[in-house]
2 protein chains.
Amino acid sequence: MDASIMTKKTTTPNRAKTPVRVQPPGRKRATLADVARIAGVVPMTVSRAINRSGYVSDAVRKRVMEAVEKLQYRPNMLARQLKGQRMYAVGVMLPDIANPFGNELVLGIKEVLDASGYTAFITTSGGSVENESAALQSFVDHRIDGLIVATRGTVAGDKALADIAAQQVPIVTVGREVEITGVDCVSVDHYRGAFEAASHLIEMGHKRLGYIGVGHPEDPAPLRFEGYKAALAAAGIPFREEYAVREVDAPAFATEEDGYQGMLLLANRKQRPTAVFARNDFAAIGALRAMHTLGLKVPQDVAIVGFDNIRMSAYTTPPLTTVEQPILEQGRMAARFLVERIEGHAKGKTRNVVMASKLVKRESVMKR
Amino acid sequence: MDASIMTKKTTTPNRAKTPVRVQPPGRKRATLADVARIAGVVPMTVSRAINRSGYVSDAVRKRVMEAVEKLQYRPNMLARQLKGQRMYAVGVMLPDIANPFGNELVLGIKEVLDASGYTAFITTSGGSVENESAALQSFVDHRIDGLIVATRGTVAGDKALADIAAQQVPIVTVGREVEITGVDCVSVDHYRGAFEAASHLIEMGHKRLGYIGVGHPEDPAPLRFEGYKAALAAAGIPFREEYAVREVDAPAFATEEDGYQGMLLLANRKQRPTAVFARNDFAAIGALRAMHTLGLKVPQDVAIVGFDNIRMSAYTTPPLTTVEQPILEQGRMAARFLVERIEGHAKGKTRNVVMASKLVKRESVMKR
DNA sequence: CTGTTAGCGCATTCAG
DNA sequence: CTGAATGCGCTAACAG
């Protein structure tokens, strides 16, 4: 323990505001049998009353509900699942907790899940494939009903997913197209989004376009990078290797530092690019910082466009032109697909939905 | 479904890269009994071999382990918990998934939890107290072994926590001091951190200090605001009501928009503050944006300091002077406390640890 | 060192 | 409409 840490032991003088205990502390939680005893019926009847399965007379149901209330009874999901039922819980795998993308995605997921009576338990991959596989396995060990996976694909990771899918666990991926039968995928057209962003730059008169965040060679489908190259090709501009820089380090996504270092590199080319497309807004923000350090102006000296439209993009100096993806909608759809699979409504066909993105024009790009 | 969404149905041509199924798909997961049959022993023996409880001969253990391997056996945590054992899972309640604070906190928590064999399941409060209570209850319903709560306190929320604590569920809070017996708290000294940040501004020659993000009146302990006022008092500078603005909206934390609007307000006072203390970095970044919009310079016209030292603070224009809190360490300690409580090593005394924060000086403040 | 018995809390199945 | 029996997968407690 650090010397700078002060430990203050409190005697915890139960203040008046501390709520009254409804239940005597230390009591074990009430079970169906307890409720049944109070209500004067057998456990099975209580089960029926609570789950609205089978017939129960109104009089009995009323007595049962009163007992439930009195005992603060809550069904034991575990015992339930043990009998082959659902847990009413799904696992959500995110790359990390820092990315605004994850937040909105979870909002969409929860919206649908809540309505269907499911709970979302979230975990993070921590950047490493081993961690990710372990966390996925932990979800399965805890018998969640299904999985939504929103981490970037890797060969080893895809294998782990396939193994889990083989165990009959419903899976839906977001932003990651895997080729596993029964695994639905929801994503946006990164290729097209990048294509449009780069084309916008070209329309604005730019001919020397830099790209920050190429990604690792083994990474599956560097769609954004491909879209950028395609836009160049469509405009008859040759792709220049020296204008494409990759991230310094490769976490789940490109960071501000990647953008910062990348911009420094690009600014020092003999012929400086007049515009830069950053793989995501974090990198774009880092690039903004580099420009300022260099004493260069955005968008006058170099135009910058990002990708994702994170909340902060509207508050940078200057505000960032970027590509927005329908994150909320992806979350909703992923959850909808998953619930369908869990409840057996999806008749086997593997689904693959690709949504469109949208260019958001702000002030980091100007006509050349 | 939106018209802008393209649906592409794939036939999923099981590519070569799809891994071989280790287990015939559709098979139910192996149980202790299955393993026992293969190994030629009784289930109990398998249980002992796996959990290293009781004596098992090396020969038998080896046979068992082979069977486990062959069948890809994984213990059913639920059945285990049903027998009064642990789930080896703890719930973590975060305000949201977008705040970098949460990411680092989870990193610290996981580090300790992993080492102790526990899994962390995360959920978010979604900003509303009802949601938070429901999510907390869901954790309890799923029989997690303990809870780490890092949301901001509210009266209703504290009551929900007390109810859960009364059900004998171990709880540790982070950044939220609650007065419930048996609930440990870990936090940093926001008061002191704010005091030092404001004092720094004063030392740099500032006398008119603005504050952005006062917080709602019913919120428990607006410690940062109090620290700011104390620094003023210590320097003999009278507190001016018109220099303290609150957030437009009140989500889990102040946002860029709050900082933006707040700065606009402050800049229009008859006597503009020469320095502004924003409750957190998001608000500080919003303030930076407002300054730029106004055609004012930071730090020349107004100095700005934030709180939290989020990753992005080093990449703003100019880089932000801010207060750093030991988030990782808070996560580690919270997890340590929780595991101790779960495993019964905490001998009843309620702990309350307050850590120190640290001022990080960058370029958003200069001598006046 | 290994086997047997019993029961955790619930819902499916079959009898009333 | 309600009750009784049974077993999900696992482990504590007690034999051998």
Side-chain angles (χ1 to χ4, degrees), chain A residues 27-65 67-68 71-89 117 140-145 167-168 343, chain B residues 27-65 67-68 71-89 117 140-145 167-168 344:
Chain A
R27 265 270 168 290
K28 284 192 318 190
R29 288 199 270 271
T31 71
L32 265 194
D34 297 329
V35 177
R37 204 172 313 117
I38 302 275
V41 291
V42 292
M44 193 56 234
T45 303
V46 177
S47 172
R48 279 193 273 251
I50 291 174
N51 301 309
R52 319 181 167 293
S53 59
Y55 300 97
V56 180
S57 70
D58 285 347
V60 170
R61 163 166 293 130
K62 186 154 172 294
R63 287 218 314 277
V64 168
M65 287 318 184
V68 163
L71 261 41
Q72 297 266 52
Y73 170 78
R74 303 236 91 214
N76 185 333
M77 316 292 274
L78 310 196
R80 213 177 243 181
Q81 210 278 359
L82 201 57
K83 280 294 309 181
Q85 300 283 115
R86 313 233 157 81
M87 271 283 268
Y88 290 101
V140 176
D141 286 350
H142 286 89
R143 300 298 197 271
I144 43 78
D145 301 314
Q167 292 175 48
Q168 304 292 86
E343 309 197 327
Chain B
R27 265 270 167 290
K28 283 191 318 188
R29 286 199 271 272
T31 71
L32 265 195
D34 298 327
V35 177
R37 203 174 312 116
I38 303 276
V41 291
V42 291
M44 191 58 231
T45 303
V46 177
S47 172
R48 280 193 272 250
I50 290 174
N51 301 309
R52 318 179 168 293
S53 58
Y55 299 98
V56 179
S57 71
D58 286 347
V60 170
R61 163 165 292 132
K62 185 154 172 296
R63 289 217 314 276
V64 168
M65 288 316 183
V68 163
L71 261 42
Q72 297 265 50
Y73 171 77
R74 301 237 92 214
N76 185 333
M77 315 292 274
L78 310 196
R80 216 177 239 181
Q81 211 277 359
L82 200 59
K83 278 291 311 183
Q85 300 286 112
R86 311 230 160 82
M87 272 283 267
Y88 289 100
V140 176
D141 285 350
H142 286 89
R143 299 298 197 271
I144 43 79
D145 301 313
Q167 292 174 49
Q168 305 293 85

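In this text, all values refer to a predicted model and were calculated from it rather than measured experimentally. Side chains are part of it too, since the values below use all heavy atoms of this structure and drop only hydrogens, waters and symmetry mates. Chain identifiers are assigned alphabetically (A, B, ...) following the order of the sequence lines, protein sequences preceding nucleic acid strands; residue numbering begins at 1 within each chain.
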Can you tell me how far apart [atom1] ([X]) and [atom2] ([Y]) are? Round to the nearest 0.5 Å.
X: A:Arg63; Y: A:Thr45; atom1: CZ; atom2: OG1; value: 9.5 Å
X: B:Gln81; Y: A:His142; atom1: CD; atom2: NE2; value: 9.5 Å
X: A:Arg52; Y: A:Ser47; atom1: CZ; atom2: OG; value: 12.5 Å
X: B:Arg80; Y: A:Leu82; atom1: CZ; atom2: CG; value: 13.0 Å

Send over the distance from [X] [atom1] to [N] [atom2], rounded to a whole Å.
X: B:Arg37; N: C:dG3; atom1: CZ; atom2: C1'; value: 17 Å
X: A:Arg63; N: D:dC1; atom1: CZ; atom2: P; value: 15 Å
X: A:Gln81; N: C:dG9; atom1: CD; atom2: C1'; value: 13 Å
X: A:Arg52; N: D:dC1; atom1: CZ; atom2: P; value: 15 Å

Exercise for review: Could you run through nucleotides 4-10 of chain D and give me one letter per nucleotide, 5' to 3': B if any protein heavy atom sits under 4.0 Å from the base, S if only the sugar-phosphate is that close, - if neither?
Suggested key: B--BBBB

Exercise for review: Compare side-chain N and O positions of A:Ser57 against OP1 and OP2 of D:dC1 and report whether any pair is under 4.0 Å apart.
Suggested key: no

Practice item. Keeping the roles fixed (side chain from A:Asp34, backbone from A:Thr31), state whether a donor-acceptor pair exists under 3.5 Å. Key: yes

Review point. With no hydrogens and no angle check, is any side-chain donor or acceptor of A:Asn76 less than 3.5 Å from a backbone partner on A:Leu78?
Key: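 Judged by distance alone, yes, a pair lies under 3.5 Å.
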
Review point. Mind checking whether B:Val41 and B:Val56 have side chains closer than 4.5 Å, heavy atoms only?
Key: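 When only atoms from C-beta onward are counted, B:Val56 and B:Val41 do not touch, as no gap falls below 4.5 Å.
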
Practice item. Please round to 10 degrees the angle between the axis of the first five pairs and the axis of the last five pairs in the helix from C:dC1-D:dG16 to C:dG16-D:dC1. Key: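 That helix gives 40° between its end axes.
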
Review point. Would you call B:Arg86 and B:Asp145 a salt bridge, taking side-chain N to carboxylate O under 4.0 Å as the test?
Key: no

Review point. Using a cut-off of 4.0 Å on non-hydrogen atoms, how would the nucleic acid contact of A:Gln85 be classed: base, sugar-phosphate, or nothing?
Key: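 Since only primed, P, OP1 and OP2 atoms lie under 4.0 Å of A:Gln85, the category is sugar-phosphate.
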
